[in-house]
K.L.:
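Please read through the structure below; I'll follow up with questions.
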Number of protein chains: 2
Amino acid sequence: MTDGGLRERKRTAAMYRIQTEALDLFEQRGFDDVTVEEIAEASDVSPSSIYRYFGTKEELVLWDEFDPGMGPLLAAALSDAVPLDGIRQVMTDGIDGMSAADEQRLIRRLRLAALSPSLAQAAVARSYAFAEMVEQVLAQQLGRPVDDLEVQVFSHALLGGLLGMFHHWQGTDFAEPLAGVLKRTFTIFEEGLDIVSARVPEPVVEN
Amino acid sequence: MTDGGLRERKRTAAMYRIQTEALDLFEQRGFDDVTVEEIAEASDVSPSSIYRYFGTKEELVLWDEFDPGMGPLLAAALSDAVPLDGIRQVMTDGIDGMSAADEQRLIRRLRLAALSPSLAQAAVARSYAFAEMVEQVLAQQLGRPVDDLEVQVFSHALLGGLLGMFHHWQGTDFAEPLAGVLKRTFTIFEEGLDIVSARVPEPVVEN
DNA sequence: TGTCAACTGACAGTCGGTGTCAACCTGCGG
DNA sequence: CCGCAGGTTGACACCGACTGTCAGTTGACA
């Protein structure tokens, strides 16, 4: 699922090591109060290399070793299944394949992302790119133009919903296992997002 | 709907004027190739003032004179209607109240946002904040905790869908009036986002 | 081993963004 | 008309993220 050559593996290993140092420093002193130079020093590489690896300071937190494989995987899943099911399958598999350490690291990264505005912003923008992938595959799948309104609304709403799921997970302090939350989220999707009809009939209590 | 005192109005007027200069420059030479200092010079203010007004360079494009009023408006609309209807009402009213010049300016800003990565990122993050407003009001409305999964998924999916709508509008070069696109978007919402069942039965053509 | 491409570190420079301080306007009481 | 207080502005200095370049090194591969 991961590597190509040895170079690639070494690169990934280096990035993982640098990210580990960075997460430690960020947790100790806050994202904004740690400079890239300090991380470089702690990781025994030059600042230049950090930028070559990650591109931006934010990516030091957001980068995920498993990300690169996601694209093709998603495309494949969407090509031979009902869209929603395909995406559910990919995500479920991904979560099931995560070790406890992986999940712990994910939680650390999410916690950090929630604490720093610039990180939160980058995180949202990053997952937005995900929606654009779904767009493309879905449009082709349905034989519609990529700019089709329904395709756009569906793709982005789906992605938004998943963001909401992570928001909930974070808000409840990661109490429930992610797999369970994901399952409930897709149930909500399947029921058609009809929170509207679930509105309580009683009048609102004054603030 | 807008001002408070005279100070506030002067400030808004100055921001509008600076934004106009900035939009011109950005369109001529691209967002990244114009410095804040140049905008300051063109607008006859100091760079310091621009940062005091807008905070960031991105906000020079994203700022909207009507934004400040949106919060209370939305809260009110959500408090006494079915959530989806309330939001639809606010947005429909907002669009109906826009002059042709306002819409033209909006289009200019959207065009710019699509051309520069940093702008696009900031724009997405900005609209994300909108979802958090919906979250709060909706949770209170339904008598559920803000971190309720369904509330989170609904709010963010809704916001995502609206983002998708703008994406479509942009992709079709703003051909259809925004009011029409909005109406169709909410129709999609009401039908429960069931693009799943609309899947074409034929097998996919090989790429 | 030799060659070539990819990678790395060092360095200088640009620019976005923040904090500080002095000058200035604006309205108010004497 | 004169000070005076609060908010607003401009000038300046500073930090740090990020880019481009260049020379030196390392690794892949014949």
Side-chain angles (χ1 to χ4, degrees), chain A residues 3-19 21-23 25-26 28-63 68 112-113 116-123 125-126, chain B residues 3-19 21-23 25-26 29-63 112-113 116-123 125-126:
Chain A
D3 53 51
L6 174 127
R7 271 243 164 81
E8 184 97 9
R9 259 181 300 159
K10 282 185 95 164
R11 179 186 169 88
T12 304
M15 289 179 77
Y16 190 88
R17 192 173 50 80
I18 295 169
Q19 189 185 53
E21 296 288 346
L23 292 180
L25 288 172
F26 289 151
Q28 286 167 27
R29 297 168 25 213
F31 182 76
D32 292 326
D33 288 346
V34 177
T35 68
V36 174
E37 197 171 352
E38 290 174 298
I39 299 166
E41 201 164 341
S43 318
D44 241 335
V45 292
S46 79
S48 318
S49 293
I50 292 195
Y51 281 109
R52 269 189 282 259
Y53 281 141
F54 296 96
T56 67
K57 186 183 181 185
E58 284 77 20
E59 206 64 15
L60 272 165
V61 176
L62 303 180
W63 172 80
L112 279 171
S116 154
S118 65
L119 258 177
Q121 171 166 340
R126 204 176 198 278
Chain B
D3 52 52
L6 174 129
R7 274 249 161 76
E8 184 97 11
R9 258 181 299 158
K10 282 183 96 165
R11 178 187 169 88
T12 304
M15 289 178 78
Y16 190 87
R17 193 172 50 79
I18 295 169
Q19 189 186 54
E21 297 287 346
L23 292 180
L25 289 172
F26 290 151
R29 295 169 25 214
F31 182 76
D32 292 325
D33 288 346
V34 177
T35 68
V36 174
E37 197 172 353
E38 291 175 296
I39 299 166
E41 199 163 342
S43 318
D44 243 335
V45 292
S46 81
S48 320
S49 293
I50 291 194
Y51 281 109
R52 270 189 281 260
Y53 281 141
F54 295 95
T56 67
K57 186 183 180 184
E58 284 77 19
E59 206 64 14
L60 271 165
V61 176
L62 302 179
W63 172 80
L112 280 170
S116 155
S118 65
L119 259 177
Q121 171 166 340
R126 204 175 199 278

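Reminder, nothing fancy here: chain letters follow the sequence lines and each chain counts from 1.
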K.L.:
Would you name the heavy atoms of A/S118 and A/E58 that are closest together and state the gap between them?
P.N.:
OG-OE2, 3.5 Å
K.L.:
If I take atom CG in residue A/D44 and atom C1' in nucleotide C/dG9, what distance separates them, rounded to the nearest angstrom?
P.N.:
12 Å
K.L.:
Of the nucleotides D/dC18, C/dG9, C/dG17, which has the atom closest to the A/S49 side chain?
P.N.:
C/dG9
K.L.:
What's the spacing between A/L23 CG and A/F31 CZ if we round to 0.5 Å?
P.N.:
10.5 Å
K.L.:
In Å and rounded to the nearest 0.5 Å, what is the NZ to OG1 distance from B/K57 to B/T35?
P.N.:
7.0 Å
K.L.:
Using whole Å, what does the distance between atom C1' of nucleotide C/dC7 and atom CD of A/E8 come to?
P.N.:
14 Å
K.L.:
Under 4.0 Å between any heavy atoms, over every strand shown, what does A/R52 touch: base, sugar-phosphate, or nothing? Just pick one.
P.N.:
base
K.L.:
What's B/S48 touching, base or sugar-phosphate or nothing? Going by heavy atoms closer than 4.0 Å.
P.N.:
base
K.L.:
Using a 4.0 Å heavy-atom cut-off, does A/Y53 contact any base of the nucleic acid, only the sugar-phosphate backbone, or nothing at all?
P.N.:
sugar-phosphate
K.L.:
In whole Å, I'd like the distance from the CG atom of A/D33 to the P atom of D/dA17.
P.N.:
10 Å
K.L.:
Specify the separation, in whole Å, of atom CD1 of A/I50 and atom P of C/dC7.
P.N.:
17 Å
K.L.:
Starting from C1' on D/dA17, measure out to CD on A/Q121 and report it in whole angstrom.
P.N.:
15 Å
K.L.:
Is there a Watson-Crick or G-U wobble partner for D/dA30 with both distances under 3.5 Å, and if so, which one is it?
P.N.:
C/dT1
K.L.:
Give the rounded distance in Å between these two atoms: CD of A/E41 and P of C/dG9.
P.N.:
13 Å
K.L.:
In whole Å, what is the span from the CD atom of B/E37 to the P atom of C/dG16?
P.N.:
9 Å
K.L.:
Quick one: CD1 on B/I50 to OH on B/Y53, what's the gap to the nearest 0.5 Å?
P.N.:
9.5 Å
K.L.:
Do the rings of B/W63 and B/F54 sit parallel, tilted or perpendicular, given the 30° and 60° boundaries?
P.N.:
perpendicular
K.L.:
Expressed as a whole number of angstroms, how long is the span from B/F54:CZ to C/dT18:C1'?
P.N.:
18 Å
K.L.:
Reckon A/K10 has a side-chain N or O less than 4.0 Å from the OP1 or OP2 of D/dG27?
P.N.:
yes
